[in-house]
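In what follows, a structure is listed as C-alpha cells, so that the remarks can point back to it.
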Amino acid sequence: MKGFIHSIESCGTVDGPGLRYVVFMQGCLLRCQYCHNADTWEIGKGKEMTVEEIIADLQTYLPFITASGGGITVSGGEPLLQIDFLIELFKECKKLGIHTAIDSSGGCYTTEETFQRKLDELLQYTDLILLDLKHIDEKKHRKLTGKTNTHILQFAKLLSEKRIPVWIRHVLVPTITDDPDDLRRLAAFIRTLKNVEKIEVLPYHKLGVYKWKELGLAYPLEGIEPPSEESVQTAYNILHETAPLT
C-alpha cells in the first residue's frame, strides 16, 4: 500500500497531544484563500511511500514520542482523500500502541456507501480528529474555500454521533472569519456536538505566501495582516463562553 506524501515532520508540537510524527499527505479539494500549503493541492503528486517505510521511520522517533504522550498525526492536504492508505497505516500504528490523529477539513466527506464503509473502518483505529471548521456561513465558506460547508458540517455531526474525540480548529482571518456574529453561530453549532475536547483559534499568518508565488498563483489575501492578540482572545472567548466543552 502506497500513499502520495508531500512531506514529514518528525517532531511536531502543534498537531495533537505530545510530540507528533506528522505526515503531510498530497492532494486537497478545497482552495482556501489563506492556505499555507498550496503545494499540497494537486492530487497524485508528491513522493510515493509505503506504509512500511513510514512505520520504519516513525519507530526511530518512538521513544521520544511515547515519552511525551504523543503519536502520529496525518495532515495535508486532505488525508481522507487517501483513506485506504490511512486505514493500513493506522492499523500498523495500533499494533505498536501509537496514538493516532487526523487533521482534516472534512472537504471530501460524502455519504456515498463505499466512503462511509471505509470511514467506519478508519475510525476504529483513530484516537483523535483535528477538525478544521473554516467558516460557519455557507456563502462565505464558498468564497473562502471554493466549496460548500454543508458536507463538512455533516462530517462534524457524524463524528459527534460516533463519539470520536475532536479538537475544533478555526483560523482567524481579519475581515473574513472574525465577525462576532459568525463566531457566535459557529459556537452555537459546536455546542450541539458531544465529542469536542478542545477549541483552538489559530491566528492567520503569511508564512506560506511565498509558495503561492513559486506556483505562479496570485495570493488572494494580499494586504491582510495577521490578527492582533486582542482579536484572537476575543474570538477565543466567544467560542468558549457559548460552547462549553464536554
Side-chain angles (χ1 to χ4, degrees), residues 3-16 20-47 49 73-82 101-108 129-149 152 167-180 182-183 186 199-236 238-239:
F4 293 96
I5 311 300
H6 172 267
S7 57
I8 291 175
E9 183 179 351
S10 56
C11 289
T13 58
V14 295
D15 297 292
R20 313 296 298 183
Y21 183 91
V22 187
V23 181
F24 294 92
M25 307 295 289
Q26 183 72 29
C28 188
L29 300 181
L30 301 187
R31 294 295 181 264
C32 299
Q33 293 181 338
Y34 54 72
C35 182
H36 61 275
N37 284 328
D39 50 341
T40 67
W41 286 351
E42 194 170 355
I43 295 172
K45 297 294 183 178
K47 179 182 178 181
M49 294 184 68
T73 298
V74 183
S75 185
E78 174 50 60
L80 295 180
L81 284 173
Q82 301 187 60
I102 300 171
D103 183 2
S104 172
S105 69
C108 67
I129 302 282
L130 310 177
L131 182 60
D132 303 311
L133 295 183
K134 315 288 186 179
H135 213 302
I136 193 64
D137 184 90
E138 201 273 338
K139 289 183 178 179
K140 293 179 181 178
H141 192 280
R142 279 185 180 273
K143 183 177 180 181
L144 177 63
T145 72
K147 299 289 184 181
T148 181
N149 66 356
I152 293 170
W167 290 8
I168 299 292
R169 293 178 144 186
H170 180 69
V171 178
L172 194 72
V173 186
T175 74
I176 296 178
T177 67
D178 63 345
D179 182 275
D182 290 330
L183 290 171
L186 177 58
I199 303 171
E200 296 182 311
V201 177
L202 308 180
Y204 161 74
H205 61 73
K206 300 191 290 183
L207 299 178
V209 175
Y210 76 95
K211 293 184 180 180
W212 288 69
K213 295 179 179 178
E214 287 182 348
L215 293 168
L217 301 172
Y219 188 63
L221 301 185
E222 200 71 51
I224 293 182
E225 296 298 319
S228 66
E229 290 185 15
E230 181 180 1
S231 61
V232 172
Q233 188 62 51
T234 296
Y236 182 91
I238 290 174
L239 293 180

Which heavy atom of G46 sits nearest a heavy atom of F4, and at what distance? O-CD2, 4.5 Å
Any side-chain to backbone donor/acceptor pair from E78 onto S105? Under 3.5 Å, distance only. yes
E42 atom CD, over 12 foreign heavy atoms within 6.0 Å: no
Is it true that atom OH of Y236 has more than 12 heavy atoms of other residues, nucleotides or ligands lying nearer than 6.0 Å? no
Start with the C-alpha gap between Y34 and K134, add the side-chain angles, then the distance that decides, and say whether side-chain contact (heavy atoms from CB on, under 4.5 Å) holds. CA-CA 10 Å; Y34 54 72; K134 315 288 186 179; 3.0 Å; yes
Straight-line distance of I238 CD1 to D182 CG, nearest 0.5 Å: 10.0 Å
Contact summary for P174 and P226, nearest pair of heavy atoms: CG-C, 4.1 Å
For I5 and V23, what are the C-alpha separation, side-chain angles and deciding distance, and is it a side-chain contact (heavy atoms from CB on, under 4.5 Å)? CA-CA 7 Å; I5 311 300; V23 181; 3.8 Å; yes
How far apart are the closest heavy atoms of D178 and L183, and which atoms are they? O-CD1, 3.8 Å
Rounded to the nearest 0.5 angstrom, the CZ-OG1 distance for R20 and T13 is 11.5 Å
Which heavy-atom pair separates C108 from L80 by the least distance, and what is that distance? SG-CB, 3.5 Å
Please evaluate residues M49 and I8 with respect to the criterion side-chain contact (heavy atoms from CB on, under 4.5 Å), reporting the C-alpha separation (whole Å), side-chain torsions for both, the decisive distance (0.1 Å), and the verdict. CA-CA 11 Å; M49 294 184 68; I8 291 175; 3.9 Å; yes
Gap between atom CD1 of I152 and atom OG1 of T145 - 0.5 Å precision: 6.0 Å
Is there a donor-acceptor pair closer than 3.5 Å between any side-chain N or O of T73 and the backbone N or O of G16? no
So which heavy atom on G27 is nearest to which on I43, and how close? CA-CG1, 3.8 Å
Taking atom CG of L133 and atom OG1 of T177, what is their separation to the nearest 0.5 Å? 11.5 Å
Please determine whether the number of non-hydrogen atoms from other residues, nucleotides or ligands lying under 6.0 Å from atom NZ of K147 exceeds 12. no
Taking everything shown except K47 itself, do over 12 heavy atoms lie less than 6.0 Å from its NZ? no
Examine the side chains of H6 and D39 and answer whether a donor and an acceptor come within less than 3.5 Å of each other. yes
Taking H135 for its side chain and I176 for its backbone only, find out whether a donor-acceptor pair lies under 3.5 Å. yes
Exercise answer: donor-acceptor pairs, residues 210-217 side-chain atoms, under 3.5 Å, sequence neighbours excluded:
unit_1	atom_1	unit_2	atom_2	d
K211	NZ	H36	O	3.4
K211	NZ	N37	OD1	2.9
W212	NE1	C35	O	2.8

Derivation of the salt bridge (charged side-chain N to carboxylate O under 4.0 Å, His left out) call for D103 and R169: CA-CA 9 Å; D103 183 2; R169 293 178 144 186; 3.3 Å; yes
Between the CE atom in M25 and the OG1 atom in T40, the distance rounded to the nearest 0.5 Å is 11.0 Å
d(N149 CG, K139 NZ) to nearest 0.5 Å is 12.5 Å
Testing the basics here: between W41 and Q26, what is the closest heavy-atom pair and its distance to 0.1 Å? N-NE2, 4.0 Å
